[in-house]
Engineer: 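Below is a structure I'd like to ask you about.
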4 protein chains.
Amino acid sequence: MRRLTAAAAQVLHRQGVERTTIADIADAADVPVGNVYYYFKTKDDLVQAALSEHAGHLADLTGELDRLPDPLDRLKALVAGWVDQRDMAARYGCPTGTLAAELDKRSEGGIDVEAGKVIRLLLDWVGHQFRELGRSDADDLAITLVGAYQGMSLLANALRDPEIMTREGARLTRWLDALPTGTPGARHS
Amino acid sequence: MRRLTAAAAQVLHRQGVERTTIADIADAADVPVGNVYYYFKTKDDLVQAALSEHAGHLADLTGELDRLPDPLDRLKALVAGWVDQRDMAARYGCPTGTLAAELDKRSEGGIDVEAGKVIRLLLDWVGHQFRELGRSDADDLAITLVGAYQGMSLLANALRDPEIMTREGARLTRWLDALPTGTPGARHS
Amino acid sequence: MRRLTAAAAQVLHRQGVERTTIADIADAADVPVGNVYYYFKTKDDLVQAALSEHAGHLADLTGELDRLPDPLDRLKALVAGWVDQRDMAARYGCPTGTLAAELDKRSEGGIDVEAGKVIRLLLDWVGHQFRELGRSDADDLAITLVGAYQGMSLLANALRDPEIMTREGARLTRWLDALPTGTPGARHS
Amino acid sequence: MRRLTAAAAQVLHRQGVERTTIADIADAADVPVGNVYYYFKTKDDLVQAALSEHAGHLADLTGELDRLPDPLDRLKALVAGWVDQRDMAARYGCPTGTLAAELDKRSEGGIDVEAGKVIRLLLDWVGHQFRELGRSDADDLAITLVGAYQGMSLLANALRDPEIMTREGARLTRWLDALPTGTPGARHS
DNA sequence: TATGAATGAGTCTTCATTCAT
DNA sequence: TATGAATGAAGACTCATTCAT
């Protein structure tokens, strides 16, 4: 079952939700098709599980970054991580972003805000760092930084060019370094 | 037939490519299903036509903006246009961006670079403006600006919050205004 | 499409609703499976159509019987018709009765009263005859007569014995003949 | 295991054989699904067990009625029992009758006459009472009485009207009372 | 003896595409 | 040129049944 959600997260990211069949995921996880339904009543449930998997990855990552003492270093490390994933982004886009875009179309009423939740996790964490840096406009900055990440991933993917990630990553790092921070001393709080 | 491509562009944007059936488009265009195949051999052809429709919209827009004498004004007007479309973006995302993301998954080999082309049209036009402004890093700036647009559209859509467009649009405008431009006098070339 | 509803009515009666697949019906009607869905969006719709088909048969029959001048003769002819169908009843039960019993279980909420409607058509027609015969308890008599029909069909089917239909039919005929009727002269109104 | 057959009898009656899954029955009996197969090799075996359960109920009932000295009283008490069950009949039909109708469709060859057996048990017992009453046409009368029961149950169920059971029960009671019996004195034999 | 998990055949339904007219 | 109908290849989901423990 862990194999299932892991396989689902990967295959759904690569092929997209609509193009992925339950059989695809079952194959990737090396389980019989019928067995999938023992753990997930519907395809949507499986998609949610994949979403949670991505949320878990994100939690792991931010947990790791939280060890760094300086919020600015954390943000720069986050950006560095994005750049490290440039080949995946150029090939398949950002997992969270593409999933969110697809899930948005998937349920007529658009009640399914689950996808937004993972992105909000990232926004919240980033906003928290900016706040620690003493920025009162922390939430806006978070939108800017995460937006830049989503945008560069989308462009890298559409143009199939990983170097976009590298160049934009460098720019974001410079931007972070140049960003005026709040009360001196607040940074190491 | 023009009705068809127009309907296709709209419905595909709203529902996504995979969730949209030929019948949906035929309905929206108020033509019989069979008739669609008189003009478009396959669904993919129709999707391409919708893509061209979006490219046409973009050409119309840039053609309009080109009337402005100042490249900086053109770029700021472009951003203003994005903000004007904020409700649509918050509901369905950027047409070009979401289509590109979907089409990327649609053909296994990824041969279908058509989607990237429309985005590249925008990048080229924006890059051209920056070049006119005397920026030697015009292409990078174009990536940054268009990337910011795609990113803010995606976030606005995922969070269903059009205000994200407003706030980020304002930031981009400030950013454009603050951007050091090249040799004085080059601006009006 | 007429072929479809006719085939559906027959096959559903013979095999039962739950045991009959869409493919079974498509086969019987000699149309491809997919085509069924051009006319009927769901299996339930097809079942309803089969029900209407039976209602139509009933209407044809009562229309025929209405030509007889005497209500008593009409009722006796109705019973004679039941007996004529004894082999079918012994093999598959009464179409309306078995369908009603099955449909009753088919929709959780039991909202599906369609099945009851066909039976009520028969009850109403029979009740009308008794009323013409001057019986003030016409509705009760209708329940008794139609109930006897349903009961003898069920027993004939369960015991696989068509003769049950014959014997009970004879008894019902005697019962009708012995039934005190209302004001003399009312019979031919 | 007794819990299992009891649960099976009830759930199968309420939902119908085809609509009832093994899991439904396991749930109702509060045993794990796998456990069901420890006692019953197949679903059909479980259905047979449910049938036996109903046969047992019938045996209990007739055993009870046999205590009455007068066969006519026994039959009238039988009818009274039917009327007492009117709400269940209006909601789910007669257990034996609906099961018989369903099982008839269940096995292609129709070899499965098990369902008929339970009904025959009832017919035999009723026929025995009529015989004790000195009626040489006891078997026919049994068919009439049991048929009336099945018919009124089906109508009550189809029309969701328990009062049908009440009215027809009253009629059957009058009919029994009016029935000419055989040699005086034979009644208490 | 007991059971949670596994399995795969079968069923409904959708939909791109074709075709006769 | 136009179109209602036809077609069949998937795909999601169900469920009786088996099995390892």
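Letters A, B, ... mirror the listed sequences (proteins, then strands); counts begin at 1.
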Engineer: Taking CD from D:E18 and C1' from E:dC12, how many angstroms apart are they, rounded to a whole number?
Structural biologist: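 Those two atoms, CD and C1', are 16 Å apart.
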
Engineer: Identify the heavy atoms of B:V33 and B:A26 that sit nearest to each other, and give their distance.
Structural biologist: CA-CB, 3.9 Å

Engineer: Tell me which nucleotide, if any, is Watson-Crick or G-U wobble paired with F:dT21 when both distances must be under 3.5 Å.
Structural biologist: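 Checking every strand shown, F:dT21 finds its partner in E:dA2, with both distances under 3.5 Å.
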
Engineer: Which of residues 35-43 of chain B sit near DNA chain E, with a heavy atom under 4.0 Å from it?
Structural biologist: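 Hits under 4.0 Å, by residue number: B:Y37, B:T42, B:K43.
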
Engineer: If you find the nucleotide of DNA chain F closest to A:T20 and the one closest to C:M1, which residue's nucleotide is nearer the 5' end?
Structural biologist: C:M1

Engineer: Output the rounded distance in Å from CZ (C:R2) to C1' (F:dA5).
Structural biologist: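 Computing the C:R2:CZ to F:dA5:C1' distance gives 19 Å.
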
Engineer: Any sub-3.5 Å donor-acceptor pair from B:K105's side-chain atoms to A:Y92's backbone N or O?
Structural biologist: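 Yes.
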
Engineer: What pair of heavy atoms forms the shortest contact from D:F40 to D:L4, and how long is it?
Structural biologist: CE1-CD1, 4.1 Å

Engineer: Closest nucleotide of DNA chain F for C:V31 versus for B:P32: which of these residues is on the 5' side?
Structural biologist: B:P32

Engineer: Taking all non-hydrogen atoms of both residues, which atom of D:I119 and which atom of C:A158 are closest, and how far apart?
Structural biologist: CD1-CB, 4.0 Å

Engineer: Which atom pair, heavy atoms only, marks the closest approach of A:V118 to A:L58?
Structural biologist: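 Looking at all heavy atoms of both residues, the shortest contact is O-CD2, 3.8 Å.
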
Engineer: Which one is paired to E:dA16, where only Watson-Crick or G-U wobble pairs with both distances under 3.5 angstrom count?
Structural biologist: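 Per the H-bond distance test, F:dT7.
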
Engineer: Please report, rounded to the nearest Å, how far the C1' atom of E:dC12 is from the CZ atom of C:R19.
Structural biologist: 16 Å

Engineer: Starting at CG of C:L46 and ending at P of E:dT11, how long is that distance when rounded to a whole Å?
Structural biologist: 16 Å

Engineer: For C:A50, does its backbone N or O pair with a side-chain atom of C:H13 as donor and acceptor, under 3.5 Å?
Structural biologist: no

Engineer: Just the rounded figure in Å: distance from P of F:dA2 to CZ of B:R3.
Structural biologist: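 Nearest whole value for this atom pair: 11 Å.
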
Engineer: Which atoms form the tightest heavy-atom contact between D:R106 and D:D44, and what is the distance?
Structural biologist: NE-OD1, 2.9 Å

Engineer: Near DNA chain E, counting only heavy atoms under 4.0 Å, which residues of residues 21-30 of chain B show up?
Structural biologist: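 Those residues whose heavy atoms fall under 4.0 Å from DNA chain E, taken from residues 21-30 of chain B in numerical order, are B:T21, B:I22.
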
Engineer: Could you pull out the closest heavy-atom pair between C:A9 and C:E53, with the gap in Å?
Structural biologist: CB-CG, 3.7 Å

Engineer: From the set F:dT17, E:dG8, E:dT17, return the single nucleotide nearest to any side-chain atom of D:V33.
Structural biologist: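 Comparing F:dT17, E:dG8, E:dT17 against the side chain of D:V33, the answer is F:dT17.
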
Engineer: Quick one: salt bridge (Lys or Arg N to Asp or Glu O under 4.0 Å) pairs with a partner in residues 25-37 of chain D, sequence neighbours left out?
Structural biologist: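 Every candidate salt bridge (Lys or Arg N to Asp or Glu O under 4.0 Å) pair involving residues 25-37 of chain D fails, so no pair, neighbours aside, qualifies.
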
